[in-house]
Structure formats: structure tokens, C-alpha cells
Amino acid sequence: MNVLKQMYFIIGVICTMFIVRIAYFQLFTNKYILNAVNTSIQAKVTIPQRGYIYDRNGKILVSNSPAYEVIVTPVAVKGKFDTLGFCNMLQIDKETFKAKLEKISSYSRIIPSTFASYITREEAAYIQEEIERYPGFEIRSKPIREYHGTAGGNIFGYVSEIGPEYIKKDSLYYQPGDFAGISGVEKSYEKVLRGTKGISYFKKDISGKNIGPYNGGDSDVKMVVGKDIHITIDKDLQEYAESLLKNKRGGIVAIEPKTGEILCMASSPEVNPNLFVGVDRKKYLSQLVNDSMNKPLYDRSVQAQYPPGSPFKLLTALAAMQMQVLDTASTYVCRKRYHKKKNYCHCGTFGRPIKVETAIAKSCNTFFSETYRSMIDKDSTDKRKGFNQWSEIMKSFGLGDFLHNDLAVGNKGNIPKYELYDKYYGKDKWNSLSVTSNGIGQGEITTTAIQMANFTAAIANQGKYITPHIIKKIDNSTKEIDPKYKTFKQTLVESKYFKFIIEGMKKVITMGTAKKIFTNSFTQAGKTGTAQNSQGQDHSLFTLIAPVENPRIAVAVIIENGHYGATWAAPISSLVAEKYLMGEVKRKSIESRMKSGNLNGEYRRQWINYLKKIGKYEPPKPVVDSLTPKKDSLAKVNRP
């Protein structure tokens, strides 16, 4: 009986609270007065200017330009509405008019929503003269984005009209027809950039004319313009990096090691952000989405996952030193082909023992295969211990997980787990030889370009890094910046081991696999990579630190199907560093070769082979009565 009384008491308390809450809204606030179907009060919404975006040096990247839109309050569209005249004014058909009005009404009949966007100043002037004939409709100014330059489309992202799912996330702010950041920085910092809408309430007489502010203006909401932000990108460096990627696929990421600030983040094929603005924006977006061969919306600097290849050998050596199975006196002898058919080597040091610095300089597969096996076999009774210790060290460099930063997209790559091989080979039916390809950055290991740039920055900092990020200042201040973008993370490798690895990286430039990019202008330390690719030609990779004595830039470059690391990725990395450090590039012959390089033939060949494999290749049609041969017709399908 006591339990029943307690239940009645609790129910009574809840009901009382509910009644008090309703009474509060109805008697002491304007919430229901302003939101009811009350045609005597009109709400006028003012869209704030979106915050500008600047680069690290204060150069403007994204601003606003004036535009207009037609808005509608569905409940006010009544009487003998001249639908045909209105449609002629906006140059739309009746079906479009009805569909739009029904869609807006389904959300709210009393809240003003966007009916038509991207109206020019000239169009707005004409509509303004006519719109009073159409009750429920009015025209208002609405700034649109203006991008200064054609580079950085993958970084900025774009602003576009939102859908129902976006509204659900923040229904208190967004309404149908509103615009918001859909990708890139525009999405990551949407709440900072968007500002606060202004709302003014007016009383109307029986004829619908304004007769003054409601409640003396005390119920109005003040408009607040969006905050400006400075991002870490160097505009000139970003444009230069994209120029080097022309007619190639891949990504370039450069980081300032001491701060974790992303200096450039180029992806190719590039996306021109200016084409996301205007009446043809949907057509352009559709073209990008349907380009299955090139996939330009796929950001290869942060989303694409590749085998890291030989740059990963740097981490193999560091982990082995930390696990005390390798030191500077350790040697291995290269036999060209490691264990029969595994890991063929091109290092050129065959038949003689070499140490870690030479192994890095010459990129010896044998040396790092043996080194990796020594870690896995450290405990002869339980290979799990060695494997798991190696895995944890790799993860401490930010691999195998998302970087958890302020970029809108990303991928975590892969550092394989012990259980993967138990599942593949059978529980405990595999050994260190089965997985030795991991030691040279192949096997089951994948990374992104930004992860490679980050572990290179960690090497430059001798074992620590700040999470790579793209925000530098908000409203010209760093107070609102997340503290994690100012705090170093420590890897599981002691700092004393890094100097030996950096010495080996210096030798890569002076006498190793990348000696052709040597310059007297600044010192460099790097590592070439040629990652095997089952779909076609190998990928070209390179990581770079410069200058060595006081690292100001860490670069990672991946060129899809570019073959040797020294062919494309190494020269591009060095040129990016030269541009940033020196302000201009003097090695014009290398620059010219990189800019004019074109790998589209290789990409086209692979795409044709893929279409043939899935039975969707359409052979070229014969040319009839034409002096200009037609290009192949390639089916537009999405790759798996």
C-alpha cells in the first residue's frame, strides 16, 4: 500500500510540474504568442553575414557577395492568389510552384522559409516591384560565398541548401531553404561561421500592413554576424602543391612539426570551390559525383588509404630499438630476395652486412624484414607479446585510428591485430615469416597521407607530435581553440633513438635513393617508398623533413601509380619544402618536369581494364565523316 501511495505522489509531482511549465510559457513568455497561427504578428528574419576565412598569413580565402532570395510564409498565401503571374515572374512552372509550397508547408505553415535562392541584384529589383501583388511572399538579401582562387576546394568544402536530416540535428536554428556548411572547413566550423539570425516581430492591421514593432521590440532577436576564422593553410603553398599534382592522382600534406598546423593539404583531381556557388552548382556537383573514374570528391590527402611502403621502415627501426632487438651495431646481409619469393630487394648492398643508417638510405627490404621478425619473435614462447608491443608502438604514432582532429573527413588506416592472422591462417598456425611484409610497409598495413605527414613530424620532434589541425585563430584570438591543438602527444619510443633514424634519412638525400633532389639551399632528410598495388602500377611515396637542424616542415606525398618514390613523390616533396622555406623555387628544371608530368594514360588504362573485368566496357565507336576522332565512351559506374 505504501508503494502505491509513493507512485501516486510521484505522478502528482510530475503532473504539477507539467502544468506549471505550460502556465509559465502561456502567461509569462511570448513563445506561444509568436509561434501560434497568429496572422496579426509577422516575423522578419535577417540572415547574418557568414564569417570570412583567412589563411595563416591573413590572406583572404573565402568571403561573401550579395545575393537575394524569395521567402514564403505558407499560411499567408490565401485568397485569389495569381499563381500563373507569380510563376511567370520567377520563370518556373505551376508544378514546381505547387511542389515547393507543399514541401515548405509540410515543415511549417507559419515560419517564413526560402522559396527561391541565388537571385541576382537585377532580378531582385524587378521582383521587388511586383512581389506585393503576391501575399505571403517577400524578397530579402542573403549573402553567398565567394572563393578567392581556384585552389583548396577539398579544404574549404562548400555551403549549400540543407535537407531534412540537417534540420533534425538543430531544428531550433535551421529551417527549410537555409544554407549551411556541407563539407570541409565550412562544415567543421559551421556554428562559428554561421552567426545568429536576427528576428524582428511586427504587428499587422486587418489589411496586412505593418503598424509597428510587437511588444516594443523587446521580443526581437538581435542578429550576430558569423565569426571570422584563420586557418593554418598557407594559400601560396596550397596553390603550388595543387599545381604539382596536375594530371596526377594523389595527395600532398605538409605540417609544421612544432605546432601540428597543416600548411597545405592538396588532393588531385582538384575541385574548384567557385563552381559550388550559383545556379549551376547542382549540375557541377552532379558531374563530380558521377565521375566514377577520377572520383574528385574523394579527398586523397585524408581519406585515401595506401600501403605506406618504405617510409614505414623508419617506424620499424624505431620500434625495434625501443623493444631492444636492434641497435646501431646490428647488421644484416641482403640476399636480393628475402626467403625465396618474399620481399625482393633493389638496395644494391648484396652480400655484405649493413647497419640501420645504410639500410634506410638504400631502403633494404632484407634488413627491415629481419628486424620486424626479431620483434615478433622477441618472446619465443608467445609471439603475441612481441606482436602486440609492436602494434601499440605503431598506434602511438597516430596510425590505425582516426586523428580526431577538426577536419570534416578522414580515415583511420590499418594496423593489423593479432586476431586477424588467427582468423586467416588458423589459431596459432602462423609465425613471423607469415607477416614479415608488415615490416616494409606492405602486408595489411594502410595509412593516409596526413598520417604519414604526422609520423614524419613526430620523427622531426624526436618522439612527440601535436594533433594535426586546421584552425589557427577564431575572431583573431586563440582562446576558443581546443587545448589538444596546443599539447604534445608522446609516442612510445624514447627520444634518444630518433637521431639515428634521422641520420639515415639524411643519407637518403646525400647518397641514397633520393640523391637527385639534393640541394645546397637547405638541408633535407627523407625516405622514398614504392608501394605495391594490385590494381596496376605501384604508388610513388616520399616523406621529408626540412631543414634538418631546425625542422619547419614535414611533408608526405603519395602519387597513385607513379612507380618509384624517387620518380615523382620525392621531387614534389622537395619542391614543396623549397617553396615554403625559400619563398620561391630555383630548381626550375625539376619543377617543369613535375608540373608537365601526366599519368592520365595509366589511369585510363586501369579504368578500361576494370570495366572489362566487370563487363561494362563500351568499345570506341567508329568515327564516321569526321576529321576529329571521338574519345572512348566509358560507362559511369561506381567502383566497389
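All heavy atoms count here, side chains included; hydrogens, waters and symmetry mates do not. We're numbering straight along the sequence, starting at 1.
For the residue pair Lys313 / Ser363, a side-chain donor-acceptor distance below 3.5 Å is found, with atom types taken as modelled. When only modelled atom types and interatomic distance are considered, Tyr372 and Asn438 share a side-chain donor-acceptor pair under 3.5 Å. A donor-acceptor contact closer than 3.5 angstrom links the side chains of Glu560 and Tyr306. Remark: the Asp406 side chain and the Tyr189 side chain contain an N/O donor-acceptor pair separated by less than 3.5 Å. A donor-acceptor contact closer than 3.5 angstrom is absent between the side chains of Asn561 and Glu602. Counting only N and O atoms by type, the side chains of Ser574 and Gln524 include a donor and acceptor under 3.5 Å apart. Side chains of Glu161 and Tyr118: a donor-acceptor N/O pair is absent below 3.5 angstrom, by distance only.
Residue Lys484 qualifies as enclosed at atom NZ: its count of foreign heavy atoms under 6.0 Å is above 12. Few gaps surround NZ on Lys595; more than 12 heavy atoms of other groups in view lie less than 6.0 Å from it.
Residue Ser267 holds its OG atom at 9.5 Å from OH of Tyr298, rounded to the nearest 0.5 Å. The structure places CE of Met594 at 5.0 Å from CH2 of Trp568, a figure rounded to the nearest 0.5 Å. Put simply, OH on Tyr564 and CG on Leu541 are 14.0 Å apart, with the number rounded to the nearest 0.5 Å. Atom CG in Leu399 sits 8.5 Å away from atom OG1 in Thr448 (nearest 0.5 Å). Residue Thr491 holds its OG1 atom at 10.5 Å from CD of Gln462, rounded to the nearest 0.5 Å. Distance NZ/Lys507 to NZ/Lys362: 10.5 Å, rounded to 0.5 Å.
Applying salt bridge (Lys or Arg N to Asp or Glu O under 4.0 Å) to Glu270 and the options Arg300, Lys248, Lys246 leaves one that passes, Lys246. Tested against His230 for a side chain to side chain contact (heavy atoms under 4.5 Å, CB included), the candidates Asp55, Asp475, Asn476, Thr478 yield a single pass: Asn476.
Ring orientation note: the planes of Phe402 and His404 are nearly perpendicular, at an angle over 60° on the 30°/60° scale. Ring geometry for Tyr158 versus Phe276: interplanar angle under 30°, hence parallel rather than tilted (30 to 60°).
Nearest heavy atoms, Val576 versus Cys264: CG1-SG, 4.5 Å.
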So Glu357 and Lys499, salt bridge (Lys or Arg N to Asp or Glu O under 4.0 Å) or not? Walk me through it.
CA-CA 10 Å; Glu357 290 181 13; Lys499 60 183 179 181; over 6 Å; no
Give the intermediate values and the outcome of side-chain contact (heavy atoms from CB on, under 4.5 Å) for residues Ile459 and Leu318.
CA-CA 9 Å; Ile459 292 173; Leu318 286 166; 4.1 Å; yes
